[in-house]
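Along the sequence shown, residues carry numbers from 1. Side-chain atoms are counted along with the backbone in the values below, which use heavy atoms only and exclude waters and symmetry mates.
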Amino acid sequence: MGGATTRAFKDIIKAKLHYGGGEARKVVKTARCAEKELIESGEYTTPAEKAKLRQERVQPKLDAFYKRIEAIKNPLGKLKKAVNYALKARERIYLAMEKGELPLSNNFVEQRIRPTTIIRKNCLFSISIKGAQGNALFYSLVQTAKLNGLDVFKYLNAILEATRQVEKPDWRAYLPWSEQMQATCKA
């Protein structure tokens, strides 16, 4: 079950709305573990096998989820918004039941872009343009080090030591994918 689809219902529960809160709890409970169950099973090796397992294990939960939200009569406010969002996403979600290559959730992607979003928001509060550029440079170094499998602390320490010891170091040697950095800063 897509994270965004159930997120609207979870927001209703968090807001402790009197109207819709009970229905939202039922919807989330029905949909909660559908995708985790399949991912954690590790029983598939091809997209076709994954699609077959989704149809056997996840689709019945999806059917129950949609049956439950369709039974909600005259939803109001946030509940109405959540129900409409889930109904609009139905076709896309059921397509994933047939195609094992498609992810059921975009949580993986959301987790990967979260640092970028946080950086963007943090740079808004920089006092100067130079400060924002410094933040962006620092965050870029950290994320690039992570993507290249380096220990971020060791990598930043190596860069700072290089600037302290040598007036004009050869920065190509300090790129995260360089042999020198891979040898000295590997996580």
Side-chain angles (χ1 to χ4, degrees), residues 1-44 47-129 131-136 138-140 142-143 146-147:
M1 174 65 54
T5 305
T6 57
R7 188 175 304 123
F9 290 97
K10 289 177 184 175
D11 289 345
I12 293 170
I13 295 168
K14 285 181 191 172
K16 297 180 181 169
L17 296 177
H18 295 290
Y19 178 80
E23 287 299 321
R25 272 188 198 70
K26 292 175 190 173
V27 169
V28 172
K29 187 175 181 181
T30 302
R32 185 173 293 153
C33 297
E35 68 181 276
K36 277 187 180 180
E37 181 182 305
L38 182 65
I39 291 169
E40 290 172 358
S41 74
E43 297 176 37
Y44 58 88
E49 290 174 353
K50 187 176 184 179
K52 184 176 184 261
L53 286 171
R54 279 180 177 171
Q55 290 166 4
E56 291 171 2
R57 296 183 186 168
V58 179
Q59 192 161 343
K61 292 179 182 181
L62 273 176
D63 294 340
F65 171 79
Y66 280 106
K67 184 177 179 180
R68 183 169 300 283
I69 66 169
E70 286 174 338
I72 299 172
K73 301 295 181 207
N74 303 317
L76 298 172
K78 289 185 178 188
L79 181 61
K80 181 178 181 178
K81 184 179 177 182
V83 167
N84 288 339
Y85 184 88
L87 291 173
K88 285 179 186 175
R90 177 192 281 182
E91 185 178 329
R92 193 177 60 226
I93 292 170
Y94 273 98
L95 182 62
M97 294 298 109
E98 300 167 16
K99 308 228 182 263
E101 304 88 12
L102 297 176
L104 287 179
S105 170
N106 63 348
N107 288 343
F108 178 78
V109 174
E110 285 183 4
Q111 294 301 319
R112 294 296 179 258
I113 66 170
R114 178 174 285 149
T116 305
T117 306
I118 291 170
I119 291 165
R120 187 184 71 235
K121 288 180 180 179
N122 287 343
C123 287
L124 290 174
F125 298 103
S126 295
I127 295 172
S128 67
I129 299 291
Q133 290 170 339
N135 281 341
F138 175 76
Y139 289 127
S140 294
V142 168
Q143 292 304 317
K146 286 180 183 178
L147 288 171

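- Taking the side chain as every heavy atom from C-beta outward, Lys67 and Asp63 never approach each other to under 4.5 Å.
- Closest non-hydrogen pair, Ser128 versus Gly131, comes out as OG-N, 3.0 Å.
- Here CZ of Phe138 is found 10.0 Å from CD of Gln143. Values are rounded to the nearest 0.5 Å.
- The minimum heavy-atom distance linking Arg90 with Tyr66 is given by the pair CA-OH, 3.2 Å.
- Listed here is the closest heavy atom pair of Leu62 and Tyr94: C-OH, 3.6 Å.
- Nearest heavy-atom pair, Ala51 versus Gly100, reported as atom, atom and distance to 0.1 Å: CB-N, 3.7 Å.
- Exactly one of Arg54, Glu56, Glu49 qualifies for a side chain to side chain contact (heavy atoms under 4.5 Å, CB included) with Lys52. That residue is Glu56.
- Put simply, CD1 on Ile72 and CD on Glu70 are 10.0 Å apart, with the number rounded to the nearest 0.5 Å.
- For Ile129, the CD1 atom counts as loosely surrounded, since its 6.0 Å shell holds 12 or fewer non-hydrogen atoms of other residues, nucleotides or ligands.
- With values rounded to the nearest 0.5 angstrom, Met97 atom CE is found 10.0 Å from Lys50 atom NZ.
- Atom CD of Glu101 sits in a crowded spot, with more than 12 heavy atoms from other residues, nucleotides or ligands closer than 6.0 Å.
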